[in-house]
Amino acid sequence: MEQDLIYEQYRNLGLSAQVYTFGKKIEEKLKTRFEKIDQIAEYNQMKVIAAMQKCKVSAECLNQVTSGYGYDDIGRDTLEAVYAECFRGEAALVRPQITCGTHALALALMSNLRPGDELLSPVGKPYDTLEEVIGIRPSKGSLAEYGITYRQVDLIDGKEFDFEGIKNALNEKTKLVTIQRSKGYATRDTLSVAKIEQLISFIKSIKPDVICMVDNCYGEFVEEREPLEAGADMIVGSLIKNAGGGLAPIGGYIVGKKECIENAAYRLTAPGLGKEVGATLGLIQSFYQGLFQAPVVVAGALKGAIFAANIYEKLGFGVVPDSTESRHDIIQSVIFNDPKGVIAFCQGIQAAAPVDSYVTPEPWDMPGYDAQVIMAAGAFVQGSSIELSADGPMKPPYAVYFQGGLTWYHAKLGILMSLQKLTDVGLVSADKLI
Ligand SMILES: *Cc1c(COP(=O)(O)O)cnc(C)c1O
């Protein structure tokens, strides 16, 4: 098709010819990298289909609309078998009753730890919301309140494992080790599955019976292998991130050793009930279809992240990861050193959204944060961060974090629109767009 015709569409959406052409040049240089991403998506697509076939997913599974107790929900039970197969675990718990990623992680921890046990994070401070789960920041119902202690060993310079420190931290009380795959909003590297494997094998060589849990949020389907294939005992994630493929409207999962999953199920519902109850209320089809689409959705999000890194690095901004680094999650950050940059970026992402594109995001005092935060999201599922979304705290270094995009083309539009907004307010001068 004539490029001009494609540009027509972008122009209708508010993009200047200069921004469009600049983006096109950057995209052309990324062909080989995008091909690699497509190969991983292809590999993972086959993995998901094979799991669905092996578990004999049927029309009956998709049509299950259970209510009340939800006994004998074959849609739910088969989906859990599919997750176990796909992520290479013995069992899985995949439920709409798991409300978000933090809940899934809290559930996995609280159900597998007992009073007197110790939890270790060998990769530094975990995701913000886990601070209250663990009791690093005191909270009602935290692990600390139940007499579960916590230790942490930081990465050396945000990169390398502190093997000596980890060895010293492991003790007779250490029951569970939590390893966060994605850096989240921290300033360390995201861990590849190969690095997770190295870490787990070191830990198990010292304490073979310790449970190794991986917070898999934002990591699913980014690589060919998942952490259970690298020695982890349990992986945990959210269905409104990668694994839900943008279709699951709620939910979380835990996959891993049978005993870990049983513990989690008895905690989610009640001792004695476990996995036997839990109606799926007509949501189950979206869980299946979301998982089916997830490898391709993740590939689109990854392309968007790489595209943005290349655009903003070229224009002289700091980007993490940088334009050439290998990717282990879908998060990209751009450092503007200027609050106006964060605001313009987020307004561009919002302006590109299929939903709520006409609203203008502004910084606000969000509960739990020490600075104002601006967020852009025009998503089909509220708060979904596998959909194109961005946020940034209004404090130095004025960085924006963004992720997602259900299709590569939408991610591309969002990033180009962010650049348009930065150009409009004069933070990027037009003569740089060559
Ligand atoms: C998003 C995320 C969580 C928490 O998930 P929510 O659904 O926001 O509660 C935990 N860990 C990591 C690494 C995440 O990215």
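Numbers here are sequence positions counted from 1. Both ligands and their constituent atoms are indexed starting at 1 by order of listing.
Ring to ring, Phe221 and Phe87 are close: their centroids are under 6.0 angstrom apart.
Here the OG atom belonging to Ser385 is positioned 3.0 Å from the OH atom belonging to Tyr218, to the nearest 0.5 angstrom. In this structure, CD in Glu223 is found 7.5 Å from OG in Ser326, a value given to the nearest 0.5 Å.
Taking only nitrogen or oxygen atoms, main chain and side chain alike, Tyr127 does not reach within less than 3.5 Å of ligand 1. For a threshold of 3.5 Å applied to N or O pairs, the pair formed by Asp215 and ligand 1 contains at least one separation below that value. Looking at ligand 1, you won't find any N or O of Leu105 less than 3.5 Å from one of its N or O atoms.
The aromatic rings of Phe307 and Trp408 sit perpendicular, their planes meeting at an angle over 60°, well past the 30° parallel limit. Taking the six-membered ring where the residue is Trp, Tyr312 and Phe336 present perpendicular rings, their angle passing 60° and hence far from 30°.
Formation of a donor-acceptor pair under 3.5 Å by the Gln403 side chain with backbone atoms of Gln332 is not found in this model.
Salt bridge status for Glu118 with Arg151: present, with a side-chain N to carboxylate O gap under 4.0 Å.
Residue Tyr218 has at least one heavy-atom neighbour below 4.0 Å for each of these atoms of ligand 1: 15 (O). Close contacts between ligand 1 and Thr102 involve ligand atoms 4 (C), 5 (O), 6 (P), 9 (O) [criterion: under 4.0 Å to a heavy atom]. Shown in contact with Gln180 at under 4.0 Å from a heavy atom are these atoms of ligand 1, numbered in order with element: 13 (C).
For atom 7 (O) of ligand 1, the nearest protein heavy atom (residue, atom name, distance) is Gly101 N, 2.8 Å.
Contact annotation for Arg181 and ligand 1: no heavy atom of the residue comes within less than 4.0 Å of the ligand. Only the side chain of Lys241 comes within 4.0 Å of ligand 1, judged by heavy-atom distances.
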